[in-house]
Amino acid sequence: IIHLTQFINALCQLGKAKKAWEFLNLVKNKRVCLTVAPFNVLLRDLGEDGDLSRVNLLLAEMKEMGINPDIVTYNTQIRDFVKWGLVEEAHELFEKMRYMNCPSPDMITYNTVIDGLCKAGKVDKALIIVAMMRLGDCTPDRITYGSLVDGFCNEGRVHEALVLAMQEDCSVDVITYNTLINGLCKYGRMDEALGLVARMLQNGYFPDTFTYDTLVNGFCKQGRVKEALGLIGKMIRNGCSPRVDTYNIIIDGLCKTGRVDEAYNLFLQLMEVGPPPDSVTFTAIIDGLHKNGRIKTAMQCLHGMSERGLQPNVVTYTSLICGLCGIHQVDKAQHLFKEMLKKGCSPDVVTYTSLVAGLCQIKRVDEARTLLSEMENNGYLCTVVIYNILICGYCRIGKFNRAWEMLEEMDKRDLKPN
RNA sequence: CGGUUUGUUUAGACGGC
């Protein structure tokens, strides 16, 4: 069974979940005593790709075979819900674990639910779960506090994050510090961020590449690229070599502060020396190029990706689709949209929103509207943003009755106009 | 004894300030 679990794991990592599933079915028919572990591996893999319908199918099959879900199965499901923004569902399953006849929540369950709530901007609710876990004989650990600290920071409550971390001194580590440093950086509080680095050293924690990347990003986003570059030397001296992620941050930083030429030069250098560029590198430079009027070079980069063995992903395509729409080349954008489908890359809400906006801008609003149902068929929920764009589009071409219909549709879907 | 589940950095959309 252990070897089977490892084998299933290997198949999943090679992207052969289907084969893994088939294999489990094959084994089932032999007279082997199956346990839940290999199923957990497959469940995790399916959930990772957001394939929740297949997750449910597998869970049903397990039930049929008489394989009972264990605590890992439950925790994996909760994690899936959290990952795909379904906090309500995560919370529901958690409640079920508390009251129904199934495994009781453990540290990982509590931490996962807490993290989910924090990521959904519900830190106060997360704090209630923390109180619960104490009653349930679990003591919050550094992971629990890490989630809370991140949650506070993302709600702009950096002060509370700092207070919490100081109070729980013994339960912090490098990651907690990194989270706080990022929180400070996001609000431009660079001096305090650097102060925290000093403090972490005092307390015996050494900055890692995440720490440096976070600071580099902070300085870049403030337009202080020189100081960001200065950190590179420091990180090397302290035994952390810059990875491709570090350069990605700098390329994006240069682009976003209007220095595309420098970004492009750095990008070209990376093609020759240093860590090989990844799809984020390409996407960052592609986005920077077309946003600065250099769509042609951007398209060249897109085609250059395959030469480096890289595939454009949904973000890469979306960035370009948005760029083409912005210069009223919607037909080209649609062409690219078809190309991404052909390559097996699934559009997401942002992709649809970009294309809808592009079509509305050139007054093809009815056509844009048809994309809504297409999006829903692909499993995405409509958003307020996309309706706003359509309403605006209809109003601009004087079709107020259509705009009104959109409002009614929103109502039907429980979407509140903002 | 060993396999599966939890926290931190970087790329994409609309509007307001």
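Everything numeric in this text was worked out from a predicted model, so none of it was measured. Order of the sequence lines sets the chain letters (A, B, ...), proteins ahead of strands, with each chain counted from 1.
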Colleague: Which residue pairs pass the salt bridge (Lys or Arg N to Asp or Glu O under 4.0 Å) test with at least one member in residues 190-200 of chain A, sequence neighbours excluded?
Modeller: Arg189(A)-Glu192(A)

Colleague: So, Tyr212(A) and Asn178(A): side-chain donor and acceptor under 3.5 Å apart, yes or no?
Modeller: no

Colleague: For residues 287-307 of chain A, pull every pair meeting salt bridge (Lys or Arg N to Asp or Glu O under 4.0 Å), keeping only residues two or more places apart or in separate chains.
Modeller: Asp261(A)-Arg294(A), Asp287(A)-Lys291(A)

Colleague: Quick one: closest heavy-atom pair of Arg396(A) and Cys360(A), and the distance?
Modeller: NH2-O, 3.5 Å

Colleague: Start with the C-alpha gap between Phe267(A) and Phe282(A), add the side-chain angles, then the distance that decides, and say whether ring pair (Phe, Tyr, Trp, His ring centres under 6.0 Å) holds.
Modeller: CA-CA 8 Å; Phe267(A) 170 76; Phe282(A) 274 90; 5.1 Å; yes

Colleague: What's the CD1-C1' distance between Ile175(A) and U6(B), to the nearest Å?
Modeller: 11 Å

Colleague: Suppose we screen for side-chain contact (heavy atoms from CB on, under 4.5 Å). Which residues come up paired with Asn418(A), at least two apart in sequence or across chains?
Modeller: Val384(A), Asn388(A)

Colleague: Please list, chain by chain and in numerical order, all residues satisfying side-chain contact (heavy atoms from CB on, under 4.5 Å) with Asp124(A), sequence neighbours excluded.
Modeller: Leu127(A), Arg157(A)

Colleague: What integer distance in Å separates Leu196(A):CG from U8(B):C1'?
Modeller: 13 Å

Colleague: Counting heavy atoms from C-beta on, name the nucleotide in U4(B), U9(B), U8(B) closest to the side chain of Asn178(A).
Modeller: U8(B)

Colleague: Select base, sugar-phosphate, or nothing to describe what Thr211(A) touches, counting heavy atoms under 4.0 Å on all strands.
Modeller: nothing

Colleague: Please, which pairs that meet salt bridge (Lys or Arg N to Asp or Glu O under 4.0 Å) have at least one residue in residues 318-340 of chain A, sequence neighbours excluded?
Modeller: Asp331(A)-Arg364(A), Glu339(A)-Lys343(A)

Colleague: Side chains of Asn217(A) and Thr214(A): do they bring a donor and an acceptor to under 3.5 Å?
Modeller: no

Colleague: Is there a stack between Phe210(A) and U8(B), judged by ring centres under 5.5 Å and planes under 30°?
Modeller: yes

Colleague: Could you tell me the separation between the CG atom of Leu184(A) and the C1' atom of U8(B), rounded to a whole number of Å?
Modeller: 13 Å

Colleague: Is there a donor-acceptor contact under 3.5 Å from the side chain of Thr179(A) to the main chain of Ile175(A)?
Modeller: yes

Colleague: Would you check, one step at a time, whether the test side chain to side chain donor-acceptor pair (under 3.5 Å) holds for Asp70(A) with Thr73(A)?
Modeller: CA-CA 5 Å; Asp70(A) 65 357; Thr73(A) 320; 2.8 Å; yes

Colleague: Quick one: which of U8(B), U9(B), U4(B) gets closest to the side chain of Val41(A)?
Modeller: U4(B)

Colleague: Which dot-bracket string describes RNA chain B (Watson-Crick N1-N3 plus N6-O4 or O6-N4, or G-U N1-O2 and O6-N3, all under 3.5 Å; [ ] crossing; | other strand)?
Modeller: .................

Colleague: When the distance from CD1 of Ile8(A) to C1' of U4(B) is rounded to whole Å, what number comes out?
Modeller: 11 Å

Colleague: Rounding to a whole Å, what distance do you find between Asp173(A):CG and U6(B):C1'?
Modeller: 13 Å

Colleague: In whole Å, I'd like the distance from the CG atom of Asp208(A) to the P atom of G7(B).
Modeller: 16 Å

Colleague: What's the verdict on side chain to side chain contact (heavy atoms under 4.5 Å, CB included) for Asn25(A) and Glu61(A), showing C-alpha distance, side-chain angles and the deciding distance?
Modeller: CA-CA 10 Å; Asn25(A) 275 314; Glu61(A) 275 188 21; 3.8 Å; yes

Colleague: I need the NE2-P distance between His3(A) and U4(B), as an integer number of Å.
Modeller: 13 Å

Colleague: Going 5' to 3' along nucleotides 10-17 of chain B, which nucleotides have protein heavy atoms under 4.0 Å from the base (write B), which only from the sugar-phosphate (write S), and which from neither (write -)?
Modeller: BBBBB---

Colleague: Check RNA chain B against residues 116-127 of chain A and give the residues with a non-hydrogen atom under 4.0 Å, in numerical order.
Modeller: Lys119(A)

Colleague: Kindly state which residues belonging to residues 75-91 of chain A come within less than 4.0 angstrom of RNA chain B, counting heavy atoms of the residue only, listed by number.
Modeller: Asn75(A), Thr76(A), Arg79(A)

Colleague: Any idea which heavy atoms bring Leu4(A) and Pro38(A) closest together, and the distance?
Modeller: CD2-CG, 4.0 Å

Colleague: How close do Ala368(A) and Leu390(A) get, heavy atom to heavy atom, and via which atoms?
Modeller: CB-CD2, 3.9 Å

Colleague: Donor-acceptor pairs under 3.5 Å, side chain of residues 77-91 of chain A to any protein atom, not counting sequence neighbours: which ones?
Modeller:
unit_1, atom_1, unit_2, atom_2, d
Arg79(A), NH1, Asp115(A), OD2, 3.3
Trp84(A), NE1, Gly47(A), O, 2.9
Glu88(A), OE2, Lys122(A), NZ, 3.3

Colleague: If you look only at pairs with a residue in residues 126-135 of chain A, which of them pass as a salt bridge (Lys or Arg N to Asp or Glu O under 4.0 Å), with sequence neighbours excluded?
Modeller: none

Colleague: Does the side chain of Asp150(A) pick up a donor-acceptor pair with the side chain of Ser147(A) at under 3.5 Å?
Modeller: no

Colleague: Arg44(A) side chain N/O closer than 4.0 Å to the phosphate oxygens (OP1, OP2) of U5(B)?
Modeller: yes

Colleague: Identify, residue by residue, the members of residues 135-148 of chain A with a heavy atom below 4.0 Å from RNA chain B, and return them in order of residue number, or none.
Modeller: Arg142(A), Ile143(A), Gly146(A), Ser147(A)

Colleague: Figure out the OH/P separation between Tyr247(A) and U9(B), and round it to whole Å.
Modeller: 21 Å

